[in-house]
Amino acid sequence: LFPRESAANYGTLLPTALAPAIHGRAPDGSPFRLEDLRGRWVLLAVGAGDCDAACERKLYAMRQARTMQGREQERVVRAWLVVGDVAPSPALLAQHPGLVVARVADTAPATLPGGASALYLIDPLGNLVLRYGAEPDIKGIAKDLSRLLKASRIG
């Protein structure tokens with residue numbers, strides 16, 4: 001008897017807040033700062049270096065959702081924050097060209113509003129915008145990205 005609320009987005013809309021200041025090291029040893037990715041839309045995943053099946057599905061969903069944007073895909077960056085002592089396998093990294101990988105402190109996931117199991121979308125101004133669950137739908141992410149890229153002239 002009660003009408004459902006209509007929602008245009010697949011992900012969970014987050015309250016407007018800047019993404020936490022996360023620092024780490026890139027695989028080549030250079031410093032990494034999440035703030036350095038400002039100016040572009042960022043799909044952000046956090047996980048252990050010994051990526052399990054769920055982690056691989058997240059990375060695959062990020063890659064496919066970005067690819068589905070066509071000519072707009074250059075406006076989107078994919079980042080994977082690795083926690084723990086295990087380095088990601090070169091075979092896994094080869095499957096995801098263009099993925100920004102950085103090793104961060106084990107406490108970094110606690111600064112995000114959904115922990116390490118979620119996937120995040122950060123706008124070009126550095127604000128957390130959407131959070132996706134541990135098993136995200138590729139088409140849902142792609143549709144959200146498409147809408148935001150169409151509406152946004154920045155990034």
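For the numbers below, each heavy atom of this structure counts, side chains included, while hydrogens, waters and symmetry mates do not.
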**Single-linkage hydrophobic cluster I141~L99, side-chain heavy atoms < 4.5 angstrom** = yes
**Asked** Does the T67 side chain pair with the main chain of R63, one donor and one acceptor, at a distance under 3.5 Å?
**Response** yes
**Item:** Note, H23 side chain near P31 side chain (heavy atom, < 4.5 Å)
**Value:** no
**Asked** Okay, side chain of R57, backbone of P136: is any donor-acceptor separation there less than 3.5 Å?
**Response** no
**Item:** CG/D52: more than 12 non-hydrogen atoms of other groups inside 6.0 Å
**Value:** yes
**Side chain to side chain, L130 and L13, heavy atoms closer than 4.5 Å** = yes
**Item:** Between OH on residue Y10 and CG on residue L121, distance to nearest 0.5 Å
**Value:** 13.5 Å
**Asked** Would W80 end up clustered with L145 when hydrophobic side chains under 4.5 Å apart are linked, directly or stepwise?
**Response** yes
**Message:** In this structure, would L148 and L44 fall into the same cluster of hydrophobic residues linked by side-chain contacts under 4.5 Å?
**Reply:** no
**Message:** Check for me, please, whether F32 and L112 land in the same ILVMFWY cluster - side-chain distances under 4.5 Å, paths through other members count.
**Reply:** yes
**Request:** Can you measure from SG (C51) to NE2 (H96) and round to the nearest 0.5 angstrom?
**Result:** 7.5 Å
**Request:** Decide side-chain contact (heavy atoms from CB on, under 4.5 Å) for L34 and I122; before the verdict, give the C-alpha distance in whole Å, the side-chain angles of both, and the deciding distance to 0.1 Å.
**Result:** CA-CA 10 Å; L34 187 58; I122 301 173; 4.1 Å; yes
**Asked** Okay, side chain of D106, backbone of G84: is any donor-acceptor separation there less than 3.5 Å?
**Response** yes
**Message:** Side chains of D144 and Y132: any donor to acceptor distance under 3.5 Å?
**Reply:** yes
**Asked** How close do A108 and I22 get, heavy atom to heavy atom, and via which atoms?
**Response** CB-CG2, 4.2 Å
**Item:** Heavy-atom pair with the smallest gap, counting every atom of L14 and P113
**Value:** CD1-CG, 4.1 Å
**Request:** Working to the nearest 0.5 Å, report the span between CD of Q69 and CD of Q64.
**Result:** 11.5 Å
**Item:** Distance in Å, R38 CZ paired with D123 CG, rounded so as to fall on 0.5 Å steps
**Value:** 9.0 Å
**Request:** List the steps, then state whether side-chain contact (heavy atoms from CB on, under 4.5 Å) holds for R131 with L119.
**Result:** CA-CA 6 Å; R131 179 181 68 226; L119 183 66; over 6 Å; no
**Message:** Whether the side chain of N127 engages the backbone of V129 through a donor-acceptor N/O pair (distance < 3.5 Å, no angle test) should be reported.
**Reply:** no
**Request:** Side-chain contact test, heavy atoms from C-beta onward, threshold under 4.5 Å: evaluate it for S89 versus L92 and give yes or no.
**Result:** yes
**Asked** Which atoms form the tightest heavy-atom contact between E35 and P20, and what is the distance?
**Response** OE2-O, 4.2 Å
**Request:** Locate the shortest heavy-atom distance separating G24 from V104; write the atom from each residue and the value.
**Result:** CA-CG1, 4.2 Å
**Request:** Show your reasoning for whether side-chain contact (heavy atoms from CB on, under 4.5 Å) applies to R66 and E74.
**Result:** CA-CA 8 Å; R66 178 182 179 269; E74 294 306 316; 3.5 Å; yes
**Item:** Step-by-step side-chain contact (heavy atoms from CB on, under 4.5 Å) determination, L59 to E56
**Value:** CA-CA 5 Å; L59 295 177; E56 286 185 25; 5.6 Å; no
**Fill in**
Smallest heavy-atom separation, V82 atom then A48 atom, equals CG1-C, 4.1 Å
**Residues R75, E72: salt bridge by 4.0 Å N-O rule** = yes
**Asked** Side-chain heavy atoms under 4.5 angstrom apart, residues restricted to Ile, Leu, Val, Met, Phe, Trp, Tyr: same cluster for V76 and Y120?
**Response** no
**Fill in**
Shortest non-hydrogen pair, I138 vs M68, comes out as CG2-SD, 3.8 Å
